[in-house]
Amino acid sequence: MARLFFALWPDTEARAALERLAREAARRTGGRPVAAAKLHLTLVFLGEVDPARIPALARAAQGVAGEAFDLPLDRLGAFARARVAWAGCERPPERLLAMQAELEKAVRDSGFSPDERPFAAHLTLARHARAPLAPEGIDPVAWRVATFALVESVPGEGTYRTLAEWALAPGKTKGRA
């Protein structure tokens with residue numbers, strides 16, 4: 001079985017800023033920072049999937065339409081029960097919410113059963129937090145989202161492998177007509 005999820009990967013500049021935030025969140029919570037190469041925002045978590053079904057997942061994702069968008073990560077917070085600190089957005093962009101909903105629907109319509117938890121637009125910065133991190137605003141981390149990917153969590157290695165990636169249509173950037 002393959003452990004799969006759909007995700008957004010930060011661009012180089014956003015990844016560098018998020019890596020700094022991860023170290024700071026880990027310091028403040030007594031947790032462990034997430035490695036820069038593993039920083040991502042999960043769109044749809046699938047869990048264990050028979051590898052023979054991966055082509056069907058790819059076909060489902062191929063039909064997802066969407067435009068590139070700016071994703072300003074402007075909040076820090078924590079999930080106390082999961083013992084993680086995260087970065088997120090006070091108001092997730094409509095394009096993110098629409099794309100995530102369309103992707104989840106396409107996956108379900110193709111016979112898959114993704115995680116039932118409601119979508120919470122966040123990126124885990126630190127794990128094994130020993131102290132809570134109260135929600136707070138931060139200077140936004142600018143992230144231009146232009147692709148999404150199907151990813152496998154490789155057991156025993158602690159790494160992620162991108163199985164397929166899809167480009168979003170070029171969208172308008174903030175400040176342009």
Side-chain angles (χ1 to χ4, degrees), residues 2-47 49 54 57-58 61 66 68-93 95-97 99-100 103 114-115 117 119-168 171 173-174:
R3 188 169 173 86
L4 304 178
F5 59 96
F6 286 96
L8 302 177
W9 294 98
D11 58 37
T12 304
E13 287 179 29
R15 182 174 305 282
L18 290 165
E19 182 179 22
R20 288 189 296 276
L21 272 177
R23 286 193 307 266
E24 176 64 16
R27 183 191 65 73
R28 290 174 57 191
T29 64
R32 212 176 54 219
V34 172
K38 295 177 96 177
L39 291 167
H40 68 278
L41 189 150
T42 300
L43 294 169
V44 178
F45 181 76
L46 296 147
V49 174
I54 292 173
L57 268 175
F69 56 92
D70 293 318
L71 178 60
L73 299 174
D74 59 2
R75 303 281 303 159
L76 289 182
F79 297 131
R81 191 173 187 162
R83 298 179 50 215
V84 300
W86 51 259
C89 17
E90 186 167 352
R91 291 191 190 109
R95 288 184 187 168
L96 169 63
L97 298 176
M99 183 188 69
Q100 187 280 332
L103 179 59
D115 189 12
R117 287 177 283 192
F119 177 64
H122 74 283
L123 182 144
T124 299
L125 296 171
R127 297 189 182 283
H128 309 291
R130 292 189 303 268
L133 182 64
E136 66 182 83
I138 58 170
D139 289 334
V141 173
W143 176 359
R144 182 69 178 165
V145 176
T147 64
F148 70 98
L150 175 60
V151 181
E152 178 182 11
S153 177
V154 182
E157 291 181 20
T159 60
Y160 297 138
R161 178 178 24 237
T162 298
L163 302 178
E165 188 171 51
W166 296 269
L168 299 171
T173 58
K174 191 174 182 178

Check your understanding: Relative to each other, are the rings of Phe79 and His122 parallel, tilted or perpendicular (30° and 60° limits)?
Key -> perpendicular

Review point. Side chains of Tyr160 and Arg3: does their closest heavy-atom pair fall under 4.5 Å?
Key: no

Review point. Of all heavy-atom pairs between Ala149 and Trp166, which one has the smallest distance, and what is that distance?
Key: C-CZ3, 4.1 Å

Exercise for review: Using atom types as modelled and distance alone, determine if a side-chain donor or acceptor of Glu152 lies under 3.5 Å from a backbone N or O of Arg161.
Suggested key: no

Review point. Are any non-hydrogen side-chain atoms of Pro93 and Pro72 less than 4.5 angstrom apart?
Key: yes

Check your understanding: Where the side chain of Arg15 meets the backbone of Ala36, is there a donor-acceptor pair that is under 3.5 Å apart?
Key -> yes

Review point. Between OG1 of Thr29 and CZ of Arg83, what distance do you get to the nearest 0.5 Å?
Key: 9.5 Å

Review point. Which heavy-atom pair separates Leu18 from Leu125 by the least distance, and what is that distance?
Key: O-CD2, 3.8 Å

Check your understanding: If we only count heavy atoms from C-beta on, is the Phe148 to Leu168 side-chain gap below 4.5 Å?
Key -> yes

Point to revise | Minimum-distance pair of heavy atoms, taken over all atoms of Asp74 and Glu90 | key: OD1-N, 2.8 Å

Review point. Would you find a donor on one side and an acceptor on the other, under 3.5 Å apart, between the side chain of Arg130 and the backbone of Gly30?
Key: yes

Review point. Leu96 and side chain to side chain contact (heavy atoms under 4.5 Å, CB included): which partner among Leu8, Val145, Asp70?
Key: Leu8

Exercise for review: Apply side-chain contact (heavy atoms from CB on, under 4.5 Å) to the pair Trp86 and Leu133, showing each step before the final yes or no.
Suggested key: CA-CA 9 Å; Trp86 51 259; Leu133 182 64; over 6 Å; no

Check your understanding: Which pair of heavy atoms, one from Ile138 and one from Arg75, lies closest together, and at what distance?
Key -> CG1-N, 3.7 Å

Revision key, fill the gap. Here the pair of heavy atoms bringing Trp9 nearest to Leu39 is CE3-O, 3.2 Å

Check your understanding: Do you know which two heavy atoms are closest between Gly158 and Lys38, and how far apart they sit?
Key -> O-NZ, 2.8 Å

Point to revise | Evaluation steps, side-chain contact (heavy atoms from CB on, under 4.5 Å), between Leu163 and Leu57 | key: CA-CA 11 Å; Leu163 302 178; Leu57 268 175; over 6 Å; no

Practice item. Supply the atom-to-atom distance Leu43 CG to Phe119 CZ, rounded to the nearest 0.5 angstrom. Key: 5.5 Å

Check your understanding: Do Ile54 and Leu150 have side chains that get closer than 4.5 Å, going by heavy atoms?
Key -> yes

Check your understanding: Going from CD on Glu136 to CG on Leu76, what distance comes out if it is rounded to the nearest 0.5 angstrom?
Key -> 5.0 Å

Check your understanding: Under a 4.5 Å cut-off applied to non-hydrogen side-chain atoms, are Asp115 and Phe5 in contact?
Key -> no

Check your understanding: Counting distance only, does the side-chain N/O of Arg127 pair as donor-acceptor with the main-chain N or O of Val34 below 3.5 Å?
Key -> no

Exercise for review: Can you sort out the partners of Asp11 under side chain to side chain contact (heavy atoms under 4.5 Å, CB included), two or more places apart, ordered by chain and number?
Suggested key: Glu13, Ala14, Trp143, Arg144

